[in-house]
Amino acid sequence: MTGPERRVALVTGAGRGIGRASAIALSAAGSPVVLAARSVAELDSAVDEVAAAGGDVAAIECDLTDRAQSTTLVERAAELLGPIDILVNNAGIGSSADPRPLADYRDAFWDETLELNLTAPYLLSKAALPHMREQQWGRIVTIASINGRVPSPHSGAYVASKHGVIGLMRVLALEHAAEGITVNCVNPGPVHTRVNDARIAYDAARLGRDVKEYERGLTPIGGRLEPEDIAPMVVYLASDEARMITGQAYNVDGGVNMA
Ligand code: NAD
């Protein structure tokens, strides 16, 4: 088998974008999936899509900027579909919600970004580890960013959170390497989703460029990625076959960052 057959997956931010595509792909590979996100309408539509394809699926509405909800999400998910084998830390806030130079940064936006992009993966991973240690099998896949490797202007909290989460996941990888648990990151480049639409509109305006022309030049391969370009890497890292891969952060970015 190539997929994570019958391994229960919890995917955060699964209502749309990369999280939704990853949840659909994990389900297609055989995993029961718990979808967690803020928007009920998007969750409902994602559940319908997975169920229509024959997948075993449940949903939890949650706001992961609320620490109490991040702390209890894994247990709530396990009550629905069983112990969590695969955790996909995907929910994240981009810089586009309030892009500014660091000198003008809003402290509240700093806190919100770090809470969702760094603290929530910390709390969720900590809560999922007992399930994984119990069965001596587990996969944590965190959606970081190429901004976890290289900076962009006007995105201090985002860049710091993504650099931070890669470091955090490497520590977890080291601490649980001998327990059948692997921990890796995927670093997307510019992906055609709502947060990235806002970011490229901001950058094109900042640089005085036409947004369509700017978009075409964003990657050496050309244009932006789609969420479905990220999902196969998530499925692979969650599979049995990837058992010897841990502590890595793979760029899936159309060739933006070749370092
Ligand atoms: P998106 O905005 O399309 O989807 C975000 C999802 O997260 C939605 O389902 C939303 O409900 C959920 N979410 C947002 N805030 C939440 C909260 N407080 N609590 C719970 N759920 C919440 O985003 P996307 O572009 O698919 O991004 C997903 C991940 O990929 C993020 O971590 C992002 O930083 C990362 N990423 C995206 C890009 C890109 O270009 N789109 C590039 C690199 C990394």
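The basis for the numbers below is simple: all heavy atoms, side chains too, and nothing from hydrogens, waters or symmetry mates. Read the numbers this way: they start at 1 and go in the same order the structure lists the ligands and their atoms.
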Participant: Is the contact between P190 and ligand 1 made by the side chain, the backbone, both, or neither, using heavy atoms and a 4.0 Å cut-off?
Facilitator: backbone
Participant: Any donor and acceptor pair, going by atom type alone, linking the side chain of S96 with main-chain N or O of V195 inside 3.5 Å?
Facilitator: yes
Participant: Whether the H131 and E75 side chains hold a donor-acceptor pair (N or O, under 3.5 Å, no angle test) is what I'd like checked.
Facilitator: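 Note: H131 and E75 side chains meet the donor-acceptor criterion.
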Participant: With heavy-atom distances below 4.0 Å as the criterion, list the atoms of ligand 1 near A37.
Facilitator: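 Under 4.0 Å from A37, ligand 1 has these atoms: 9 (O), 11 (O), 21 (N).
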Participant: Under 3.5 Å, side chain of N196 to main-chain N/O of P190, donor-acceptor pair present?
Facilitator: no
Participant: Please state whether K162 comes within less than 4.0 angstrom of ligand 1, counting heavy atoms only.
Facilitator: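 For ligand 1, residue contact (heavy atoms, under 4.0 Å) with K162 is present.
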Participant: To the nearest 0.1 Å, how far is atom 2 (O) of ligand 1 from its closest protein heavy atom, and which atom is that?
Facilitator: R16 NH2, 2.9 Å
Participant: Under 4.0 angstrom from ligand 1, any heavy atom of G189?
Facilitator: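 Under 4.0 Å: yes for G189.
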Participant: State whether the shortest distance between N or O atoms of S145 and N or O atoms of ligand 1 falls below 3.5 angstrom.
Facilitator: no
Participant: Can any side-chain N or O of R16 pair as donor or acceptor with the backbone N or O of E42 at less than 3.5 Å?
Facilitator: no
Participant: Are any of the N/O atoms in I146 less than 3.5 Å from those in ligand 1?
Facilitator: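 No, no N or O pair falls under 3.5 Å.
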Participant: Salt bridge or not for D98 and R100, using N-O below 4.0 Å?
Facilitator: yes
Participant: Is a donor on one side and an acceptor on the other found under 3.5 Å between the side chain of S27 and the backbone of A23?
Facilitator: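 Side chain of S27 to backbone of A23: no pair is present.
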Participant: So does R206 pair up with D203, basic N to acidic O under 4.0 Å?
Facilitator: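 Here R206 pairs with D203 in a salt bridge, since their nearest N and O are under 4.0 Å apart.
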Participant: Can any side-chain N or O of T12 pair as donor or acceptor with the backbone N or O of A91 at less than 3.5 Å?
Facilitator: yes
Participant: Using only atom types and a distance under 3.5 Å, with no angle test, would you say the side chain of S155 pairs donor to acceptor with the backbone of S152?
Facilitator: yes
Participant: Tell me: protein heavy atom nearest atom 34 (O) of ligand 1, and distance?
Facilitator: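 Atom 34 (O) of ligand 1 sits closest to the protein heavy atom Y158 OH, 2.9 Å.
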Participant: For atom 7 (O) of ligand 1, find the nearest protein heavy atom and state the residue, atom name and distance (0.1 Å precision).
Facilitator: G13 CA, 3.2 Å
Participant: Considering D197, I18, V191, V11, which one's heavy-atom position lies nearest to atom 37 (C) of ligand 1?
Facilitator: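 Looking at heavy atoms only, I18 sits closest to atom 37 (C) of ligand 1.
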Participant: Look only at interatomic distance and state if L64 has a nitrogen or oxygen under 3.5 Å from any nitrogen or oxygen of ligand 1.
Facilitator: yes
Participant: Could you list the atoms of ligand 1 found under 4.0 angstrom from a heavy atom of G17?
Facilitator: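 Reading through ligand 1 atom by atom, the close ones are 3 (O), 26 (O).
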Participant: Between E215 and R224, is there a salt bridge with N-O shorter than 4.0 Å?
Facilitator: yes
Participant: Polar-atom distance check: N196 versus ligand 1, any N or O pair below 3.5 Å?
Facilitator: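 Between N196 and ligand 1, an N or O pair is found under 3.5 Å apart.
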Participant: Looking only at protein heavy atoms, which one is nearest to atom 31 (C) of ligand 1, and how far off is it?
Facilitator: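 The closest one turns out to be N90 O, 3.1 Å.
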Participant: To which protein heavy atom is atom 43 (C) of ligand 1 closest, and what is the distance rounded to 0.1 Å?
Facilitator: P188 O, 3.3 Å
Participant: Give the atom numbers and elements of ligand 1 that come within less than 4.0 Å of a heavy atom of G92.
Facilitator: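 Listed by number with element, the hits are 31 (C), 32 (O).
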Participant: Ignoring hydrogens, just give me the one of L116, V186, T193 whose non-hydrogen atom is nearest atom 25 (O) of ligand 1.
Facilitator: T193
Participant: May I ask whether A144 has any heavy atom positioned less than 4.0 angstrom from an atom of ligand 1?
Facilitator: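 So A144 counts as touching ligand 1.
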Participant: Considering heavy atoms of the protein only, find what lies nearest to atom 23 (O) of ligand 1 and give residue, atom and distance to 0.1 Å.
Facilitator: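 Residue, atom and distance for the closest contact: V195 CG2, 3.7 Å.
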Participant: I need the E112 CD to N117 CG distance, nearest 0.5 Å.
Facilitator: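 Taking CD in E112 and CG in N117, the distance rounds to 9.0 Å.
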Participant: Numbering the atoms of ligand 1 from 1, which are under 4.0 Å from a heavy atom of I143?
Facilitator: 29 (C), 30 (O), 32 (O), 35 (C)
Participant: Are G94 and ligand 1 in contact, using a heavy-atom cut-off of under 4.0 Å?
Facilitator: no
Participant: State the atoms of ligand 1, each with its element, that fall below the 4.0 Å cut-off from a heavy-atom position in C62.
Facilitator: 19 (N), 20 (C)
Participant: Taking K162 for its side chain and I143 for its backbone only, find out whether a donor-acceptor pair lies under 3.5 Å.
Facilitator: yes
Participant: Quick one: does H163's side chain have a donor or acceptor within less than 3.5 Å of a partner on V159's backbone?
Facilitator: yes
Participant: Just jot down the ligand 1 atoms closer than 4.0 angstrom to any heavy atom of D63, in number order.
Facilitator: 17 (C), 18 (N), 19 (N)
Participant: Can you hop from I60 to L87 via hydrophobic side chains spaced under 4.5 Å?
Facilitator: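 In one cluster: yes.
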Participant: Number the atoms of ligand 1 from 1 as they appear, then name those within less than 4.0 Å of a heavy atom of T65, with their elements.
Facilitator: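 Those qualifying, in numeric order: 18 (N).
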Participant: Starting from atom 14 (C) of ligand 1, what is the nearest protein heavy atom, named by residue and atom, and what distance separates them?
Facilitator: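 Result for atom 14 (C) of ligand 1: R38 NH2, 3.5 Å.
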Participant: Geometry only, no angles: is G19 polar-contacting ligand 1 at N/O separations under 3.5 Å?
Facilitator: no
Participant: Decide, yes or no, whether a salt bridge links E49 with R20 under the criterion of side-chain N to carboxylate O below 4.0 Å.
Facilitator: yes
Participant: Mark the output for I93 as yes if a heavy-atom distance to ligand 1 is under 4.0 Å, and as no if none is.
Facilitator: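 No heavy atom of I93 comes that close to ligand 1.
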Participant: Okay, side chain of N184, backbone of G247: is any donor-acceptor separation there less than 3.5 Å?
Facilitator: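 Pair found, side chain donor or acceptor close to backbone of G247.
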Participant: Atom 13 (N) of ligand 1: which protein heavy atom is closest, and how many Å away?
Facilitator: A91 CB, 4.2 Å
